Amino acid sequence: MRIAVIGGGPGGLYFAYLWKKRHPEDQVDLFEQNPADATWGFGVVFSDQALEFLRADDPETVDAIAPHMESWENITLNLHGDSVAIDGVGFSSIGRLELLQFLQQRALDAGVTPRFDTQIHAIDQLNGHDLIVAADGLNSLVRRAYEGDFGTSLSYSSNKFVWYGTSKRFDTLSQTFVKTDRGAFNAHHYRYSPTMSTFLVECDHATWQAYGFAYKDAEQCKGVCEEVFADTLGGHCLVSNKSVWRNFPWVWNEHWSFKNMVLLGDALHSAHFSIGSGTRLAIEDAIALVKALESDAHLSTALHRYQAARKPVVQKLVNAARTSAFWYEHFAQHMQLGLMDFVYSYITRSGRIDDPRLRAMSPAFMTRYEAEKNGGDAA
């Protein structure tokens, strides 16, 4: 079989590597419009659960990247100068570029033919391929060319966000909420290397307008964010990399394949950054697609099987992500709660965690929370 993979992000690279490794006789051509060493963003994060899912199918990859990852066991929330740790929520992170370079090498070693700096302008360029895997992100050429056939829907969250990095090293995945005289801001921040952290800044549209960000250049916007989060950054600067204010895009497709074309990753669906990594979902899509293709020699049947097996799982997570995003669209109101009530509201925001699960998952936090709710002493 001859396969074309459009997109050299984690999902496309991982599918190409995994398929070629298992089927060395097949030809796998990967097309990426950017150079091999180009990337946007900073770090990517995986929950412990996501890594275990990957380990079950590909322990070699997890064992190879694990030594290069930063890991921690808690989430820290910072509000009005106070901090609360939510225990038992393990995560690991790695630089996006480092992950891409690792996957590029895995794909090369498996025999994948990569074509970087190569933009696909029309599907006709891929005539002769038996299967076209569209892993080309939110602006997917394949999806946009056949939106009606894929049943595509696209909408946007109302909040504004901008992605930065910083040389400040944070102990855990953290959230810092800051109230100013013109509105409220939130920063999602976590380390992804010994010397760098991701620092994502978010605010509602009214705050974004009050600060005049629409009329500020990139350097001015960065300066405002450094001022708002001066205490959190502790003298460190923010680092830009295509860092522009955006609204989060909600992409969904009712049909995951059309003819010999199939979608995965952000080309197929998006899940808000507050609940899950798009990288993790794209890699899991790749695993599911490989399994489906191996389960049936008939391509159309295999692609339908991919959707049937994976769609309910993704739909559940995307629904939780939408609920989480709604909480963030109103985080300024939640900031009016008392500290422990605010943290409880945060950790239960997606509707997936109830009190029994929270007691089992985060016993130290729940002991403190319930003691304060009951007017007692956690000690």
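This one's a predicted model, so the numbers in the text were calculated from it and none came from an experiment. For reference, positions follow the sequence shown, starting with 1.
- Considering Glu98, Gln105, Arg106 as possible partners of Phe102, the one that fulfils the side-chain contact (heavy atoms from CB on, under 4.5 Å) test is Arg106.
- Residue Phe46 is tested with Leu99, Leu54, Val62 for a side-chain contact (heavy atoms from CB on, under 4.5 Å); the sole match is Leu99.
- Under the 3.5 Å distance criterion, the side-chain polar atoms of Thr367 are matched with a main-chain donor or acceptor of Pro363.
- Taking the six-membered ring for Trp and thresholds of 30 and 60 degrees, Phe161 and Phe248 have ring planes inclined between 30 and 60 degrees apart.
- Between Arg115 and Leu30 there is no side-chain heavy-atom pair separated by less than 4.5 Å.
- Using modelled atom types, no side-chain atom of Asn253 and backbone atom of Trp256 make a donor-acceptor pair closer than 3.5 Å.
- Between Arg55 and Glu52 there is a salt bridge, since at least one side-chain N of the basic residue sits less than 4.0 Å from a carboxylate O of the acidic one.
- Here the side chain of Tyr190 pairs a donor or acceptor atom with the backbone of Gly43 at under 3.5 angstrom.
- Among residues two or more places apart in sequence or in another chain, the ring pair (Phe, Tyr, Trp, His ring centres under 6.0 Å) test is passed with Trp72 by none.
- Between the NE2 atom of His236 and the CE atom of Met196 there is a distance of 11.0 Å, given to the nearest 0.5 Å.
- For an aromatic pair to be called close, the ring centres must be under 6.0 Å apart, and His334 with Phe342 fails this.
- Taking the six-membered ring where tryptophan is involved, the planes of Tyr369 and Phe365 are essentially parallel, since the angle between them stays under 30° and well short of 60°.
- A centroid separation of less than 6.0 Å is found between the aromatic rings of Phe177 and Phe331.
- Between Tyr328 and His188, the gap from one ring centroid to the other is short of 6.0 Å.
- Residue Ala332 comes nearest to Ala184 through the heavy atom pair CB-CB, 3.9 Å, listed as atom of the first residue, atom of the second, then distance.
- A donor-acceptor pair is defined here as one N or O able to donate and one able to accept, closer than 3.5 Å; such a pair exists between the side chain of Gln104 and the backbone of Ala36.
- With 3.5 Å as the limit, one finds a donor-acceptor pair spanning the side chains of Asp136 and Ser140.
- Checking side-chain atoms of Lys216 against main-chain N and O of Tyr211 turns up a donor-acceptor pair under 3.5 Å.
- Put simply, the side chain of Glu329 never gets that close to the backbone of Ser157: no donor and acceptor are under 3.5 Å apart.
- Between Tyr192 and Phe42, the ring planes are tilted. Angles from 30° to 60° get that label.
- In this structure, Asn127 contributes its side chain and Asp124 its backbone to a donor-acceptor pair below 3.5 Å.
- A donor-acceptor pair under 3.5 Å links the side-chain atoms of Arg143 to the main chain of Leu138, judged by distance alone.
- For Tyr215 and Trp245, the distance between ring centers is not under 6.0 angstrom.
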